[in-house]
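One structure below.
Letters A, B, ... are given to chains in the order of the sequence lines, protein chains preceding strands, and every chain is numbered from 1. Quick caveat: nothing in here was measured; it's all calculated off a predicted structure.
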Protein chains: 2
Amino acid sequence: MSAVTTEGILRGSRLSVTASRRRILDLFLEKDIALSHQDIEAVTSGSFDRVTVYRTLQTFLEKGLIHTVPSSDNVVRYALCKDACAEGHHHDDHVHFVCDSCGATTCIDEVSIPPIRLPGGYRVRQIGMVVNGTCGRCG
Amino acid sequence: MSAVTTEGILRGSRLSVTASRRRILDLFLEKDIALSHQDIEAVTSGSFDRVTVYRTLQTFLEKGLIHTVPSSDNVVRYALCKDACAEGHHHDDHVHFVCDSCGATTCIDEVSIPPIRLPGGYRVRQIGMVVNGTCGRCG
DNA sequence: ACGATATTGCAACAAAGTTGCAGAACAAAG
DNA sequence: CTTTGTTCTGCAACTTTGTTGCAATATCGT
């Protein structure tokens, strides 16, 4: 298993390698937290068109490179998928953490979501879990 | 403990009782599912100004009458708080269910969220859980 | 280096949410 | 039931966020 690099991920995705894709993917690898469209815009400010960022995120989603993170505000955030994710079918059953202090959203891959029993009639397909609190850096 | 009524809730909230507030609160009680701004607009279509709906939801939030429900799309949905919620401080540790089929988001008060252990450094304040699947009516 | 294909930027648009302000509705008191 | 101070609503104008079509450009395999 090779180190996870921007180049490697892009090659593997069978997508054309372009400056914007490289840059955005770089950001995810470097920051290692979930990023919103706005976050990305703020950092790359003007290097690419707004539309390009939207489309890049959309493409990454479809190719299974990133997944969306549930949130209570109205902001969609995306995070890098780890190995187990494939196109269309996400292996996304890890806990997401949102720090009250620094606002960062991180995937906690070490902790998987506990099973749950629902009242009769409900059929469970997927479970999402978001924990709010303070992270190691801020606590 | 008295029955939960629109009038009762509004009185208790120390807010002025107005037509729009009564109507919106009615909707929550009647539907018993989480509603987005758009859902409300669709039903009340034009009875009130868009702005009034935004402000009413905002006010209800602040007074602790409703809470936001985490979701994976970019839509903020609100649900009625049960007894335990107070102004500012929500007792919101129940499971939310989103039906793939009918799209309804419901609060499952019967099931509380299992405790969880995070790696060192993290401090937990609140946990949110969203289950996707099919509900009793659709399954 | 070339040609087919995929990607980008632009412009225009649509949808979602916010703000200030004047007029209307409300609640409390007489 | 009327007055009065306060709160709420609707309007208009605006900002932000997200989408679409199309021409120009960059990418990739050969």
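- C/dG30 is paired with D/dC1 under the criterion used here, namely a Watson-Crick or G-U wobble arrangement in which both key atom distances are under 3.5 Å.
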Verdict with reasoning, A/R117 to B/V111, per side chain to side chain contact (heavy atoms under 4.5 Å, CB included): CA-CA 8 Å; A/R117 269 198 79 76; B/V111 181; over 6 Å; no
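- Atom-to-atom distance recorded for B/E110:CD and A/L118:CG is 9.5 Å, nearest 0.5 angstrom.
- A/E62 places its CD atom 10 Å from the P atom of C/dT7, with the value rounded to the nearest Å.
- In this model, the phosphate group of D/dG10 is approached by a side-chain N or O of B/T52 to a distance below 4.0 Å at OP1 or OP2.
- Protein atom CD of B/E41 is 15 Å distant from nucleotide atom C1' of C/dA14, rounded to whole Å.
- One donor-acceptor pair, N or O on each side, does fall under 3.5 Å between the base of C/dG9 and the side chain of A/R55.
- Across B/V95, B/V98, B/T105, a single residue satisfies side-chain contact (heavy atoms from CB on, under 4.5 Å) together with B/V130, and that is B/V98.
- DNA chain C is contacted by both B/L15 and B/H37; B/H37 maps to the nucleotide lying nearer its 5′ end (nearest heavy atom per residue).
- Taking for each of A/R14 and B/Q38 the nucleotide of DNA chain C with the nearest heavy atom, the 5'-most of the two is the partner of A/R14.
- B/T59 places a side-chain heavy atom less than 4.5 Å from the side chain of B/R21.
- The phosphate of C/dT7 has neither OP1 nor OP2 within less than 4.0 Å of any side-chain N or O from A/T56.
- Taking the six-membered ring where the residue is Trp, the centroids of A/F97 and B/Y122 are separated by under 6.0 Å.
- Nucleotide D/dG18 holds its P atom 12 Å from the CG atom of B/D73, rounded to whole Å.
- Heavy atoms of A/T59 sit nowhere under 4.0 angstrom from any nucleic acid atom.
- Heavy-atom distances to DNA chain D give each of A/V17 and B/F48 a nearest nucleotide, and the one nearer the 5′ end belongs to B/F48.
- We find that CZ of A/R23 is positioned 15 Å from P of C/dT8, with the value rounded to whole Å.
- To the nearest angstrom, P of C/dA6 lies 17 Å from CZ of A/F60.
- Nucleotide D/dA13 holds its C1' atom 13 Å from the CG atom of B/D49, rounded to whole Å.
- Between the OH atom of A/Y54 and the P atom of C/dA16 there is a distance of 13 Å, rounded to whole Å.
- Considering only the side chain of B/V51, D/dA12 comes nearest among D/dC8, D/dA12, D/dT19.
- Contact annotation: A/S16 side-chain N/O to C/dA6 OP1/OP2 distance is not under 4.0 Å.
- Between the base of C/dG17 and the side chain of B/R50 there is a donor-acceptor pair shorter than 3.5 Å.
- Straight-line distance from the CZ atom of B/R11 to the C1' atom of C/dA28: 13 Å, rounded to whole Å.
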